[in-house]
Protein chains: 4
Amino acid sequence: MSATKKKSNQANAAAPERRRELLDTAAEVFAAQGYNATTVRKIADAAGMLAGSLYYHFDSKESMLDEILSTFLTELWEGYDAVLAASLGPRETIEALVTESFREIDRHRAAVAIYQKESRHLVDLPRFHYLADSQRRFEKAWLGTLERGVADGVFRADLDVRLTYRFVRDTVWVAASWYRPGGRHSPEEIARQYLSMVLDGIAVRA
Amino acid sequence: MSATKKKSNQANAAAPERRRELLDTAAEVFAAQGYNATTVRKIADAAGMLAGSLYYHFDSKESMLDEILSTFLTELWEGYDAVLAASLGPRETIEALVTESFREIDRHRAAVAIYQKESRHLVDLPRFHYLADSQRRFEKAWLGTLERGVADGVFRADLDVRLTYRFVRDTVWVAASWYRPGGRHSPEEIARQYLSMVLDGIAVRA
Amino acid sequence: MSATKKKSNQANAAAPERRRELLDTAAEVFAAQGYNATTVRKIADAAGMLAGSLYYHFDSKESMLDEILSTFLTELWEGYDAVLAASLGPRETIEALVTESFREIDRHRAAVAIYQKESRHLVDLPRFHYLADSQRRFEKAWLGTLERGVADGVFRADLDVRLTYRFVRDTVWVAASWYRPGGRHSPEEIARQYLSMVLDGIAVRA
Amino acid sequence: MSATKKKSNQANAAAPERRRELLDTAAEVFAAQGYNATTVRKIADAAGMLAGSLYYHFDSKESMLDEILSTFLTELWEGYDAVLAASLGPRETIEALVTESFREIDRHRAAVAIYQKESRHLVDLPRFHYLADSQRRFEKAWLGTLERGVADGVFRADLDVRLTYRFVRDTVWVAASWYRPGGRHSPEEIARQYLSMVLDGIAVRA
DNA sequence: TATGAATGAGGTTTCATTCAT
DNA sequence: AATGAATGAAACCTCATTCAT
């Protein structure tokens, strides 16, 4: 994902499971404490090794973050692209995107939480420009679907579509901050409840 | 708010304008860059002084954060308590709380953004235990109102009230991440749109 | 000695020689310049490393001081306890304590000098409360022996025993301020001279 | 005392009582906490003013120390010189010097304590060279008297006179660390007890 | 005389990173 | 693969000192 990856420590692609383990550990700590507040030593502690040893596996703390986020976004877009390629109606598209999003939160909770908290600052770094690309595609997919729904008469025309987009987008992703995999609700159940609220409202109809 | 406030630099309460100016500056930088990524030098630069000079006014970077958050929460609860004391019906209470919340975002955008991003880690520090207290009161107010609404038959009984609470709560506060005071929408307009969406849904009624 | 010693850098107890070397270096500088006037950079210079590198081995400048003093006191009390356990007569006990003291000065000159200069302020810090404990035991041992000697008729009854205790105590320990190991006088020789003066006086007998 | 005293704040000789008050305050704090550990703010707090205000009265923290020490030494030498000019016998000279010393401790306890703790480092600063001068005169007076006493047969010849000098000198001055003016013993009484111990010993004569 | 606010140098500490083993 | 020790930059903070009022 990041543009320039010299030969670097990617060479260790020979033992990718260890890499993945370490990245998962790092992601948990980043999510719990914030990227800046996370020292490389904390990650190493959590992984049962010394700080310096991490540099056998990764170029830098930043490259860990990079790999966590880019891996997540790659998988996210696989799911989204499948949904978008299905050419569903606007309501069904929204339902599918929301459901897919909660599934991603289930699979990549830490990465989503990191993305939420850090992406704003990171976008400024050349290495993380791909975050901006992703955001643009994201907005296009969601906003487009909402607009199509308004045009088709399935979504209300009296709401500011841009405001609605922001509300919907944020509420979905911020769920990563409280969601715990294996909890009371499956991702699909959460998606169902959320969609029911957003589509039909919480008020009893007169 | 924070437990031990010796005589310390709080003594300068005599000339609070400069203090407030500096705290506003600090809050902007914290909100823009994140608390940990904000160096005390950046704050000083933004305030047009040297880093060390900040310590004439404040004990530490952390105490600036403390004062920003506690001031915000104090004002927030003044507004909330007024609403709760009015003994409105559940729907009207939700409407008033949402409107009040967007007004607070309008007034304390930076503080709200900081609160959103940092409160999770901060709660662990004894000094910031009051954040947890506030969260508990917050949950009680919102969740209680939703439950009362369900009991009264004004809110739908088929939605998980706890999930609904989380969605509603998050959507309100994340707005601080994109809201710009003086922008296209007034806080009241945003609240209206938001309430319309959450209460009645975005789908056109069958 | 100090109450809370998390895992921290004490963990390096596996390779204690480097630690001890560095502490010896630090003790020399502390003794020569005073604890407060000693910058951590001066210690690092004397040790041939950079200031930051010291923090690989120690938590803080204060913890270096703590370890220097507590190590010294531990060894001192080993010697003292052996003397006190021997149940000698009062005069012989004083002789043995004085001799042991000068031996400790010989072995831990820097630590003793630091103790002399800094213990008064340090006792106020919770971390250094053990200094007060040590002082109490110290007083009990010396004062008790003097009192026993007076009761037994081997020490003069016309002197204020408390004043005498202070004079004796001080004279022993201030020696650390001028004593140089390997100098003209061995610790035992100094002890002998000192005991002769204190026991029999410097005046020629009438 | 200190060589170069430009026009400086000595100009305030108009109101010398305030000056003296402030110096007494400063001396107490220096003695209690050590010169380096004493911030100018602590002195100002103790004097009931702000740190900056001290600079109306004094050029610098160092010049306060200078004035405290030089004033003390001036008075000390007035007393010593009177004793030395009296041409007493060696034993009577020692008695008079010790008595005079305890009187100085009574009058200048803080200054003596500071002198004890700080003079070693200070001597290196040009401004405080006079401390070295004083030490030389001091040694000459005491050591000379002891040697004269040995030659005259009033002091024992079997003791190392240099060691004895150090013991006597240190024990006298270190008393400043525990002496409290207005306590159980007058300076003269302490001197009597001390002289009795040092001259005749604490052991009962066989 | 004293205050309030600031400066600027320097101190302690943290931390990502490197590297020989 | 990992350790142990160190580097060096930069962070937070302290403090003597200055100065307009």
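Note that this is a predicted model, so its numbers are computed, not measured. Only heavy atoms go into these numbers, but all of them, side chains included; no hydrogens, no water, no symmetry mates.
- By the 4.5 Å heavy-atom criterion applied to side chains, B:Y130 and B:D66 are counted as neighbours.
- Every side chain to side chain donor-acceptor pair (under 3.5 Å) that B:E28 has, sequence neighbours left out, goes to B:R109.
- Listed by chain and residue number, nothing satisfies the ring pair (Phe, Tyr, Trp, His ring centres under 6.0 Å) test with C:Y115 (two or more places apart in sequence, or in another chain).
- Look at CD on C:Q33: it is 14 Å from C1' on E:dG11, rounded to the nearest Å.
- Counting to the nearest Å, the P atom of F:dA11 and the CG atom of B:L54 are 14 Å from each other.
- Under the side chain to side chain donor-acceptor pair (under 3.5 Å) criterion, C:Y35 pairs with no residue, sequence neighbours left out.
- The salt bridge (charged side-chain N to carboxylate O under 4.0 Å, His left out) test applied to D:D24 returns D:R20, not counting sequence neighbours.
- Annotation: F:dT21 and E:dT1 have their P atoms spaced 22 Å apart (nearest Å).
- Within the structure, every side-chain polar atom (N or O) of B:H57 is placed at least 4.0 Å from both OP1 and OP2 of E:dG4.
- If you check E:dT7, E:dA2, F:dA6 against the side chain of B:L50, the one that comes closest is E:dT7.
- In this structure, CZ of D:F58 is placed 15 Å from P of F:dA16, rounded to the nearest angstrom.
- Comparing A:G48 and C:M49, the nucleotide of DNA chain F nearest to each residue sits closer to the 5' end for A:G48.
- Residues meeting the side chain to side chain contact (heavy atoms under 4.5 Å, CB included) test with D:A46, sequence neighbours left out: D:T25, D:V29.
- As rounded to whole Å, 12 Å separates atom P of E:dT1 from atom CZ of D:R19.
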Going 5' to 3' through nucleotides 13-21 of chain E and flagging B where a protein heavy-atom sits under 4.0 Å of the base, S where only the sugar-phosphate is that close, and - otherwise, we get BBSSBB---
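- Protein atom CG of A:L22 is 10 Å distant from nucleotide atom P of F:dA1, rounded to whole Å.
- Among residues at least two apart or in separate chains, salt bridge (Lys or Arg N to Asp or Glu O under 4.0 Å) pairs with a member in residues 40-49 of chain B are B:R41-B:D45.
- At E:dA6, none of the side-chain N or O atoms of B:Y56 fall inside 4.0 Å of OP1 or OP2 (strictly under the cut-off).
- Rotation axes derived from the C1' atoms of the five outermost pairs at either end of the helix from E:dA2-F:dT21 to E:dT21-F:dA2 lie 10° apart, to the nearest 10°.
- Each salt bridge (Lys or Arg N to Asp or Glu O under 4.0 Å) pair with one or both residues in residues 111-123 of chain A, not counting sequence neighbours, would appear here, but there are none.
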